[in-house]
Engineer: 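I'd like to ask some things about the structure below.
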2 protein chains.
Amino acid sequence: MAPRKVKAADQKRSDGLPGGRMPRSRPQTRIQREKQDIILEAALEVFSVHGFRGATIDQIAEVAGMSKPNLLYYFPKKEEIHRRLISTLLDTWLAPLREMDEDGDPFAEIRSYIRRKLEMARDFPRESRLFANEMLRGAEHVIDMIEIDLKNLVDEKARVMQVWMDQGKLARTDPYHLIFSIWATTQHYADFDVQVRAVLGKDRNGEGRFDDAARYLEQLFMHGLTPRQRQGTKTA
Amino acid sequence: MAPRKVKAADQKRSDGLPGGRMPRSRPQTRIQREKQDIILEAALEVFSVHGFRGATIDQIAEVAGMSKPNLLYYFPKKEEIHRRLISTLLDTWLAPLREMDEDGDPFAEIRSYIRRKLEMARDFPRESRLFANEMLRGAEHVIDMIEIDLKNLVDEKARVMQVWMDQGKLARTDPYHLIFSIWATTQHYADFDVQVRAVLGKDRNGEGRFDDAARYLEQLFMHGLTPRQRQGTKTA
DNA sequence: AGAAATTTTGACCAGTTGGAAAAATGTTAG
DNA sequence: CTAACATTTTTCCAACTGGTCAAAATTTCT
């Protein structure tokens with residue numbers, strides 16, 4: 001192997017901020033915000049389909065309608081785009097769960113949580129897929145957020161549900177797995193969209209499938225979570 | 001731009017079989033089968049995490065413990081490895097649904113279907129992720145199989161469930177979405193494993209989480225699908 | 001053993017990728 | 001207008017990518 005020459009004076013800034021020759025004086029130009037938004041939008045499009053490694057800067061630049069170096073002027077690192085996307089996403093993503101209100105009616109709360117999640121799957125499928133992609137490859141870039149913010153939020157809501165169960169308003173189950181199942185069933189319609197469409201066939205393929213899903217899930221969870229007096233779980 | 005010279009006599013075979021200098025006389029050598037298995041195993045490892053575009057041949061070769069040219073001797077195209085993996089997978093993946101028996105007890109059938117799917121998520125998480133990856137990016141490589149084999153199978157089982165519902169043995173719902181929800185909730189434990197672990201925390205992280213999941217899902221679906229006389233869905 | 005076939009390796013290639021440098025072109029405040 | 005700054009384009013590069021090829025090493029068959 002031939003030895004490689006490395007310029008010793010080759011130093012770069014690696015702070016999170018737009019590096020290179022980007023200005024730091026004034027906080028943000030109008031044009032900066034605009035272009036960054038365009039880039040993030042394009043990146044979402046590409047990352048959500050190909051994942052981080054599969055996506056290329058050229059591709060994103062093309063979708064964003066600008067040259068690669070121009071794009072790199074705003075986000076000097078590919079990773080930076082991805083990180084921005086993800087951290088913005090996580091907030092939006094958890095909003096519905098945050099809104100679940102301890103003082104509300106358990107069934108109404110859960111039902112509207114399911115609805116909202118399903119609406120998100122319908123209206124922001126790219127975000128859902130970006131998230132799924134990230135999870136699939138081990139969540140390298142968000143593991144901290146998941147382990148802290150997400151966990152705390154779920155812990156909190158699990159406690160709320162526990163209270164509901166103790167009050168006999170909700171069937172006794174594992175609140176964590178209950179939350180998982182809501183995530184899974186709703187996000188499925190975004191992440192596995194192709195499969196859902198293929199299986200439903202051309203005729204049932206309009207946006208109506210989300211209404212059907214909403215009806216079905218509502219029934220499943222409402223019935224599934226109704227408290228019962230006797231749970232004769234004698235199997236076989 | 002400099003003109004590129006192209007050798008006109010540069011012909012390659014592009015049939016599905018191992019190309020290059022591979023023999024065609026005898027069907028398969030022992031060593032061929034062995035190495036191909038090793039490669040497929042390594043490829044599963046890599047593809048399931050990074051997706052098709054994100055995975056590199058070098059990476060797969062390294063995991064497989066052989067040189068890249070050596071690997072390419074067995075699978076002359078990257079795509080070929082992927083295809084083999086996927087088509088093998090789909091069969092295994094659908095097996096549990098195929099076993100759902102019209103003449104069995106509806107609840108027993110559905111329960112054991114859920115169990116089996118959950119076991120697969122536990123025992124073959126890489127396969128599940130490979131599949132999820134494929135779906136996320138639009139199922140390019142399997143769209144036909146999905147649209148035909150998978151759809152047919154689901155159509156058939158949906159009819160079975162419809163019969164059960166007509167007989168009053170199962171609550172009336174959309175059988176398609178019922179199947180979707182089983183897929184979603186079970187595969188979630190493979191595809192979103194990181195998230196599940198993170199949320200459950202270190203203490204609940206053993207394999208026990210699958211038992212908890214099984215219990216929870218059983219309750220959810222069994223209760224959720226029990227037929228009811230009156231469905232007085234008057235809320236608020 | 002020895003020929004033939006199979007398997008493995010090392011050197012190599014053209015195209016792509018993330019990114020750097022710098023020059024060229026706006027834009028704006030004084 | 002012009003200096004100072006912001007934005008964009010052009011050119012370029014080293015590392016990596018999927019893949020080739022001929023030669024060498026090994027296995028298999030007679």
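Convention: sequence-line order gives letters A, B, ...; per-chain numbering from 1.
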Engineer: Would you mind telling me which of C/dG19, C/dT8, D/dT7 lies closest to the side-chain atoms of A/Lys78?
Structural biologist: C/dG19
Engineer: Mind checking what makes side-chain contact (heavy atoms from CB on, under 4.5 Å) contact with B/Arg137, not counting sequence neighbours?
Structural biologist: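 Only A/Val49, A/Asn133, A/Arg137, B/Asn133 meet the side-chain contact (heavy atoms from CB on, under 4.5 Å) criterion with B/Arg137.
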Engineer: Taking the minimum atom-to-atom distance to the side chain of A/Pro69, which one of C/dT9, D/dT11, D/dT7 wins?
Structural biologist: D/dT11
Engineer: Kindly state each residue pair satisfying salt bridge (charged side-chain N to carboxylate O under 4.0 Å, His left out) with at least one member in residues 118-131 of chain A, sequence neighbours excluded.
Structural biologist: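 As it turns out, the salt bridge (charged side-chain N to carboxylate O under 4.0 Å, His left out) pairs with a partner in residues 118-131 of chain A, which skip direct neighbours, are A/Glu41-A/Arg126, A/Glu45-A/Arg126.
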Engineer: Separation of B/Glu80 atom CD from D/dG18 atom P, in whole Å?
Structural biologist: 15 Å
Engineer: Give a yes or no on whether a salt bridge exists between A/Asp193 and A/Arg209, defined as a side-chain N under 4.0 angstrom from a carboxylate O.
Structural biologist: yes
Engineer: For A/Arg159, is there an ion pair with A/Asp155 - N to carboxylate O distance below 4.0 angstrom?
Structural biologist: no
Engineer: The side chain of A/Leu72 is closest to which nucleotide in this list: D/dT20, C/dT8, C/dG19?
Structural biologist: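 When the side chain of A/Leu72 is considered, C/dG19 is the closest of D/dT20, C/dT8, C/dG19.
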Engineer: Return the residues of residues 45-64 of chain B meeting this criterion: a heavy atom under 4.0 Å from some atom of DNA chain D. Order them by number, or give none.
Structural biologist: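 B/Ala55, B/Thr56, B/Ile57, B/Asp58, in order of number.
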Engineer: Could you tell me the separation between the NZ atom of B/Lys68 and the P atom of D/dA15, rounded to a whole number of Å?
Structural biologist: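 Those two atoms, NZ and P, are 15 Å apart.
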Engineer: When only distance counts, do a donor and an acceptor, one from the side chain of A/Lys77 and one from the base of C/dG18, lie under 3.5 Å apart?
Structural biologist: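 Counting by modelled atom types and ignoring angles, no donor-acceptor contact under 3.5 Å is found here.
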Engineer: Measure from CG on B/Asn70 to P on D/dT26 and round the result to the nearest Å.
Structural biologist: 13 Å
Engineer: With sequence neighbours excluded, tell me which residues meet ring-ring contact (aromatic ring centres under 6.0 Å, His included) with A/Phe210.
Structural biologist: none
Engineer: Just the rounded figure in Å: distance from P of C/dT27 to CD of A/Gln32.
Structural biologist: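 Distance, rounded to whole Å: 15 Å.
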Engineer: Could you tell me the separation between the CG atom of B/Leu71 and the C1' atom of C/dT6, rounded to a whole number of Å?
Structural biologist: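 Roughly 17 Å, once rounded to whole Å.
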Engineer: Tell me every residue that passes side chain to side chain donor-acceptor pair (under 3.5 Å) with A/Thr185, counting only those two or more places apart in sequence or in another chain.
Structural biologist: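 Applying side chain to side chain donor-acceptor pair (under 3.5 Å) to A/Thr185 gives none.
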Engineer: Using whole Å, report how far OH of B/Tyr74 lies from C1' of C/dT9.
Structural biologist: 13 Å
Engineer: Just compare C/dT9, D/dA6, C/dG19 and give me whichever is closest to any side-chain atom of A/Tyr73.
Structural biologist: D/dA6
Engineer: Name the nucleic acid region contacted by B/Lys35, choosing base, sugar-phosphate or nothing; use a 4.0 angstrom heavy-atom cut-off, strictly under.
Structural biologist: sugar-phosphate
Engineer: Just to verify, what does A/Phe221 make a ring-ring contact (aromatic ring centres under 6.0 Å, His included) with, not counting sequence neighbours?
Structural biologist: none
